[in-house]
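Just so you know, these numbers use all the heavy atoms, side chains as well, and skip hydrogens, waters and symmetry mates. Proteins come first, then strands; the chains are lettered A, B, ... in the order of their sequence lines, and each starts at number 1.
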Amino acid sequence: MKAAAGKVAQLLVVMFLVSLGTFSLTSLMPGDPAVAILGDNQSPEAYAELRDKLGLNEPLVERYFTWLGHVFQGDLGTSMVPPNEDVTSLIGSAFAVSIELAVLALVVALVVSIPLAMISARRPDGLLDRAASATTFGIMSVPSFVSGLVLIALLVNQLHLFPRVGWVGVTDGLGQNLYHAALPVITIALLEIPTFTRVLRGDLVRTLQEDFVLSARAKGMPAWRIMIFDAFRPSSYSLITVLGLSLAQLIGSTVIVETLFSLPGMGRLVVSSASQGNITVIQGAVLVIAACYVLINAGVDLMYSVIDPRIRRVGA
Amino acid sequence: MSRPLLHVRDLTTTFTTSRGEVVSVDRVSFDLERGQTLGIVGESGSGKSVLGRTVMGLTSAAPNATVTGSVLFDGVDIANPDKKTRAQYLGARIAMIFQDPLSSLNPVKLIGVHITETLRRHDKSLSRQEARRRAIELLDTVRIPDPARRFGQYPHELSGGMRQRVGIAIALACRPQLLIADEPTTALDVTVQKHVLDLLGMLCEEQGMAMLLVSHDLGVVAGRSDKVAVMYAGRIQEEAVSSDFFRHQRHPYSQALLDAKPHLENPARAELVSIPGRPPDPAHRFPGCRFAPRCRFVQGRCREEEPSLESGGIPSHGAACFYPLDAVRSTQEVSI
Amino acid sequence: MRKIRLLPVGVAATVAALVMMGCSNTTAPASVKADPLKVENGPFGMTAASGDPVSGGSLTFGYGGGIASFDPASQQYSGTSGGDEARAVYGTLTEYDTKAGKYVPSMADSISANDDFTEWTVVLRDGVEFTDGTPYDADAVLFNFDRMAKSGAGFSGLWASVVKKAVAKDAKTVVITLKQKWADFPYLLSQAPGMIASPKAVKDEGESYQREPVGAGPFMLDKWTPGQNLVLKANPDYWDGKPYLDSLTFQTITTGDQALKDAFQAGGIQGSLIGTPAIVKDYIQPSSGYSGYVRMTNTGSMLLINNGTPSRPDTPGKDINVREAIASAINTDVINQRAFDGNAFPGTGIFSAESQWANDKPTFTYDAEAAKKHLADAKGFDGKIELLYPSAQAEAALTIEAQLEAVGFKVDAKPVQSITDLINAVLIKRDYDLAMYGWPVPDEPGELYTSYLERFGRKDNQLGYYNETIAKALSDFAAADDTAEKAAQMATIQAEWAETVPAVPYNTTAQMVVWNKNVHDIEVSSRLTLDFSKAWISK
Ligand SMILES: Nc1ncnc2c1ncn2[C@@H]1O[C@H](COP(=O)(O)OP(=O)(O)OP(=O)(O)O)[C@@H](O)[C@H]1O
Ligand code: SF4
Ligand SMILES: [Mg+2]
C-alpha cells in the first residue's frame with residue numbers, strides 16, 4: 001500500500017518535471033502555430049495578430065501555470081492548429097495506435113526471439129547458435145527505415161501481401177486492423193528481435209550451467225522441457241528489463257516507422273505538433289509518455305517479483 | 001548372487017577443452033550389488049562427480065564430452081543412453097542427490113512441484129491430486145515437519161538441512177534402485193550432516209536401494225558403505241570391502257587421505273596437508289604412477305609403468321601401487 | 001505550403017529523401033539523364049470512356065498532406081492541401097475550365113461583370129439546399145463572405161484589398177463591387193471564398209464546425225480522422241444529380257512521393273498527386289497506363305534576394321551590382337544535374353518554357369566573368385552574404401554556394417530545419433540576405449495575378465523590392481480580358497525583371513495528379529483541385 005502511494009507520488013513528480021521541462025523548451029521548437037495556421041501567404045500583421053490571439057506573446061511562466069491549472073481540472077485543452085481537436089481525444093487515438101503497434105511488435109519479437117534464443121543456448125557456439133548470432137547481428141545493423149523499405153519492396157510492391165500505408169482502427173474490424181498493422185509491426189519487431197535474442201540467449205546459457213538444470217536432467221526430464229520449464233523463467237530478468245524499456249520507448253518514438261507507413265501514432269503526433277509549435281498537444285503527449293515510463297517501470301518491478309519469489313519476500 | 005545391479009567397466013570420460021583433452025574419469029571399473037553402498041572418496045578434482053554423472057548418463061549429453069566403456073545397469077548399457085532409455089531410467093530407476101541443495105533446486109519453483117513433476121513424469125497416469133498427496137508423503141518420509149505447508153514454499157524459504165531432505169525426497173520419489181549421492185552433506189552444517197547421512201542410510205536400507213556415496217571425506221563414508229573406492233586423478237587407486245579398507249589402507253594416497261580426515265569440522269575441500277604438492281593437471285598426462293610426484297615411497301618403476309588395481313597383488317583388496325603399504329603401517333580406527 | 005501541417009520538412013522529408021534514395025533503382029533508371037524530361041502542361045493518358053458512366057464503387061486518393069480544417073472562411077485550399085476535399089463538400093461558385101482557359105459558373109447559375117470588370121453579379125440556382133436542408137441562397141453566400149473577410153486568415157487579406165462590398169440584390173442574386181478592375185475576379189469564387197457553408201451549421205456547431213462541415217457539394221462527410229483519412233459519401237440531393245461514386249476516400253501518406261507511388265501500385269489508392277520529377281516522368285509515359293493532369297508552375301524554385309527590407313536595410317542585395325553578380329553566377333543546368341539528377345526543369349525566366357506566358361524577353365544567363373565584374377563594381381561590399389536554405393535541399397544549396405563563391409562571394413550558408421523557420425525569416429521577419437524559396441505559380445490568370453501581387457506587386461513585400469512598371473503591368477494584366485494583352489503585360493514584367501534583378505528563378509516545378517485508367521471524368525480546376533462530382537469507375 002505504502003509502495004503504491006510512493007509510486008503515485010513518483011508519477012506525479014515525474015509528470016510535473018517533464019511538463020515543465022518541455023514547456024520551457026517551447027522556444028526551441030522549430031514550429032510556429034501562427035505559420036502552421038496561416039500558411040505562407042499572409043501579411044506579417046496577420047501573423048502578429050494571430051500570435052496575440054493565441055496567447056503566444058504572454059510570458060512563458062504564466063502560460064505554463066494557466067495550462068497546469070487546466071490540467072488539474074482534467075482539461076488538456078484543444079490543439080492550437082486546425083481542426084483544433086480535443087487534445088485528450090487526439091492523444092487517445094494516437095496512443096491506441098502506438099500501444100497496439102508496440103505490444104504487437106513486442107509479442108512478435110518475443111515469439112521469434114524466445115525459441116531462437118533457446119535453440120542458440122542449447123548448444124552454445126554450435127552451428128545453429130552461430131547462424132542465429134550472425135543473422136541477428138546482421139538485422140541489428142540495419143536501421144528500421146531500411147528494413148522497412150526492404151519489406152515494402154518485397155511484401156508490398158512485389159507480392160502485394162500488405163497495404164503500403166494507412167491505419168484501420170480495431171473498432172473498424174480486427175481483420176483489417178491487423179492487416180494494416182502487420183508490416184509496421186514486423187518492421188519494429190525486426191528491430192527488437194536481435195536484442196531480445198541475445199539477451200535471453202546469454203542468460204539461458206548461464207542458467208543451463210546451474211545445478212538445478214543438471215538435477216532436472218537427472219530426473220529424466222527432456223531437454224526441451226528443461227529449457228522451457230526450468231531454465232526460461234530464471235533467465236528472463238534481463239529480457240523483462242529490455243522489454244520494459246522497449247515498450248516505453250516504442251510508445252513515444254516509433255516516428256520513423258510511423259512516418260514510413262503513415263500511421264497516426266504518438267511519435268508522429270509529437271513530431272508534427274513540434275513542427276507546428278502546437279504546444280498543447282505536445283504537453284499532453286509528453287505527460288502521457290512520461291506516465292508510461294513510470295508505469296512500465298513499476299510494471300517491470302512487479303514482473304521481477306512475479307518471476308522471482310525471493311524478490312517477492314523482500315518487497316512484501 | 002546373479003549379475004550385479006551396476007557393472008561398470010573401463011569407463012572413461014574425456015572432455016575436449018581449450019587446454020586439450022581432459023580425461024576426468026580414466027578406465028574405471030567396479031561392481032555394485034543391489035542394496036549395497038559404494039563409497040567413492042577422493043580429493044577435489046579427482047573426478048568423483050564426473051564419475052557419478054557419467055554413471056547416470058548425464059555427461060554424454062555435454063557437447064564436449066566423450067564417454068567410452070560400459071555402464072551396465074541391470075544388464076542395460078546406460079553409458080551413452082538414447083532419449084528413451086534416459087527417460088526410462090533417469091529419475092525413475094536411478095536417482096541423484098546433489099552436493100548443494102540450494103543451487104540444485106530451481107529457485108522459482110515450489111518445493112512440491114520439484115517432486116510432483118518427477119512423479120508425473122514417470123507415471124503419466126498419476127493425477128495432480130494424487131501426485132500432491134504422494135509428494136507430501138515423501139516430504140514426511142524424509143522427516144520434514146509440516147510437509148503440507150512446505151509443499152507450497154520456495155527453496156529459499158527452507159534451511160540447508162531441510163533443502164537437502166527435499167533433495168532426498170525428490171530422489172526417492174520413484175523408488176529408484178540406485179541412488180547416486182554426490183557429496184550430499186558437504187554444504188551442510190556439521191550438526192546437520194550426521195542427521196542427513198543417517199536418514200539416507202536408513203532409507204537405503206528400508207527401500208533396498210543401492211547407493212554410490214561420493215565424498216571427499218573418508219569420515220562420511222566410514223560406517224555407511226559396504227565397499228570403498230579411492231579415486232585420484234581420474235583413476236581408482238584402491239578398492240576394498242569397507243571393513244578391510246578401514247582396517248588398513250594399502251595405497252599411500254589412501255593413507256594420506258585418511259590422515260586428512262579430521263577436517264570434518266572444516267567443510268572446505270580436503271587438502272592433503274600431510275603430503276606436499278598438488279594433484280596433477282588432468283590436461284598433462286605423464287607416464288607411470290599418477291601419485292608418483294607426491295608419493296613418499298616412489299621408486300624408479302613408479303615413473304615408468306602405470307600400476308593397476310591388480311598391481312597390489314591382493315584381488316580382494318585392489319591397490320594401484322607397486323609397493324603397497326601392507327607391511328609398513330598398522331591400522332587406525334576410524335569413526336565419525 | 002500547407003503541407004507544413006504534416007512536417008514534410010523535418011523527419012518526414014528526411015525519410016522521404018531516404019526513401020527516394022533507397023528505391024532510386026526502381027524509379028529513376030539511369031536512362032533519365034540521357035533523356036531529358038519533356039513535360040507538357042495539361043492532361044495525359046486520358047482515354048475516352050467506352051460506354052456510359054456507371055454508378056457505384058468507391059475511390060481512394062492518396063495525398064502527402066490533407067485537409068486541415070473544413071472551415072473555408074479561414075483556409076486557402078489547394079490541390080495539395082485540402083482543395084479536393086473541401087470542393088467535394090462545398091462545390092465552388094465558379095470553376096476554372098482548363099480547356100477553355102476561362103472561369104465558368106459551377107454552384108452558381110451565372111456570373112457576369114460590368115464593362116470595366118469592377119462589378120460582378122452572381123446568380124444562384126433555384127432550389128439548391130445544403131445537406132442539412134437549409135437554402136443555398138444569397139443570404140448564405142453573404143454570411144460566408146462576411147465570415148471570411150473577418151477571419152484574419154485564408155483569403156481575407158486579398159478579399160479586403162480587392163472587394164469594396166458585396167450585397168444581395170434578391171434571394172438568389174449577389175452583387176460584388178471591386179476596388180479595382182479585375183477581369184479574373186471569378187478566380188476568387190473558384191477558391192475558398194466560393195465555398196459556401198451552411199450558416200445554420202456554422203452557427204449551431206461553433207468551434208467544431210471545422211470538423212463537421214455541412215455544404216451543398218456533391219459529397220458529404222462520412223468519417224474523418226485528421227492526419228489519417230477522410231471518407232466522404234455521395235450527396236443524394238446534389239443539384240446536378242447524385243454522384244456516380246458511392247464514396248470518396250482521401251488517405252494521408254506522409255512518406256513522400258515514392259510511398260504514394262508504392263501505394264498506388266499496390267492498389268491501396270487509385271489516384272494521387274505527385275511532384276517529384278523522376279516519378280512524374282514515370283507516369284506520364286504513354287505506356288504507363290495511367291491518366292492524369294500535369295501542371296507546370298512558374299518560379300517554383302527561387303533564389304530570393306533581399307533588396308532591402310526594414311529589418312535588414314543594409315543587406316548586400318540592396319546594390320544592383322550585387323544582384324547582377326548573383327544572377328550571372330548561377331548556372332541552372334549544373335544545379336539540375338547535381339541536385340536533381342537532371343530531372344528538373346531549369347530556367348532563369350519567370351515563366352517556364354511551357355508556359356502560355358513565355359516570351360522572348362531576356363532572362364539571366366550564366367557568365368562568371370560578368371559576375372566578377374559586377375561584384376567588383378559593388379562599392380564597399382566585402383563579398384560576405386548569407387544564404388538560408390531548407391535542410392532538405394542541401395544538395396542544391398551546396399551547388400549554389402559553390403557557384404557564388406566561384407565568382408568571389410563569401411557565402412555563409414545556413415540550413416533552416418523547417419519550412420516554418422524559412423517562412424518566419426523570409427515572409428514574416430523579412431530578415432535574410434539570400435533564401436532558397438518556392439513560389440509555384442501556374443499560368444492560370446487569377447492565381448497568377450494574386451500570387452505575384454502578394455510577392456512583388458505591392459509595396460512592403462518579402463523582397464523589399466518595388467517597381468512601378470512591374471506593379472502597373474501586373475494590375476493591367478488583371479484588368480485585361482484579352483489573352484494577347486495579358487501576354488504583353490507579362491513580357492513587360494519579364495523585361496523589367498531582367499533589368500532590375502529582384503530575384504533569380506532557377507527551376508520550375510511540375511505537379512501531377514494521376515489516377516487509374518479505369519477512373520473517368522475527374523475534372524481539374526484551379527490550383528489543381530479536382531472535381532469528383534461526375535467521376536465514375538468502369539468495371
Ligand atoms: N564439463 C567439463 N568440461 C571440462 N572439464 C571438466 C568438465 N567437468 C569436469 N571437468 C574436469 O574434470 C575434473 C574432475 O572434476 P570433478 O568435478 O569430477 O571433480 P570432483 O572429484 O567431483 O571434485 P570436487 O570435490 O571439487 O567436487 C576436473 O579437473 C574438472 O576440471
Ligand atoms: S606406485 Fe609407486 S609412486 Fe605410485 S603410489 Fe605406489 S609407491 Fe607411490
Ligand atoms: Mg564433485
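- Across every non-hydrogen atom of A:Glu85 and C:Pro226, the tightest pair is OE2-CG, 2.9 Å.
- For the pair A:Pro264 and C:Gln228, the tightest heavy-atom approach, listed with the atom from each and the gap, is CG-OE1, 3.1 Å.
- Between the CG atom of A:Asp172 and the OG1 atom of C:Thr225 there is a distance of 8.0 Å, given to the nearest 0.5 Å.
- Between C:Arg455 and A:Asp40 the shortest heavy-atom distance is NH2-OD2, 4.1 Å.
- Residue-level contacts of residues 44-55 of chain A with chain C, in order of numbering, are A:Pro44, A:Ala46, A:Tyr47; threshold 4.5 Å between heavy atoms.
- C:Phe70 meets the ring-ring contact (aromatic ring centres under 6.0 Å, His included) test with C:Trp224; sequence neighbours excluded.
- Highest contact tally toward chain A, considering only C:Gly154, C:Gly157, C:Gly267, C:Ser451, is held by C:Gly154 [criterion: heavy-atom pairs under 4.5 Å].
- With a 4.5 Å cut-off on side-chain heavy atoms, A:Asn84 and C:Arg211 count as touching.
- Proximity to chain A is limited to the side chain of C:Glu207, based on heavy atoms less than 4.5 angstrom apart.
- The residue among A:His160, A:Glu258, A:Gln158 with the most heavy atom pairs within less than 4.5 Å of chain C is A:His160.
- Looking at C:Ile253, C:Ile269, C:Asn229 one by one, the single match for side-chain contact (heavy atoms from CB on, under 4.5 Å) with A:Val165 turns out to be C:Ile253.
- Contact record, A:Gly166 with C:Gln251: CA-NE2, 3.4 Å, taken as the closest heavy-atom pair.
- By number of non-hydrogen pairs under 4.5 angstrom with chain A, the leading residue of C:Ser208, C:Ala153, C:Ser156 is C:Ala153.
- Contact between A:Pro82 and C:Gln75 at its shortest, heavy atoms only, is CG-NE2, 4.2 Å.
- With a 6.0 Å radius and a threshold of 12 heavy atoms from other residues, nucleotides or ligands, C:Asp460 has its CG atom at or below the threshold.
- Residues passing the ring-ring contact (aromatic ring centres under 6.0 Å, His included) test with C:Tyr449, sequence neighbours excluded: C:Trp182.
- Between A:Ile152 and C:Gln258 there is no side-chain heavy-atom pair separated by less than 4.5 Å.
- Every side chain to side chain donor-acceptor pair (under 3.5 Å) that A:Asn177 has, sequence neighbours left out, goes to A:Glu100.
- Note that CG of C:Leu427 and OG of A:Ser43 are 8.5 Å apart. Values are rounded to the nearest 0.5 Å.
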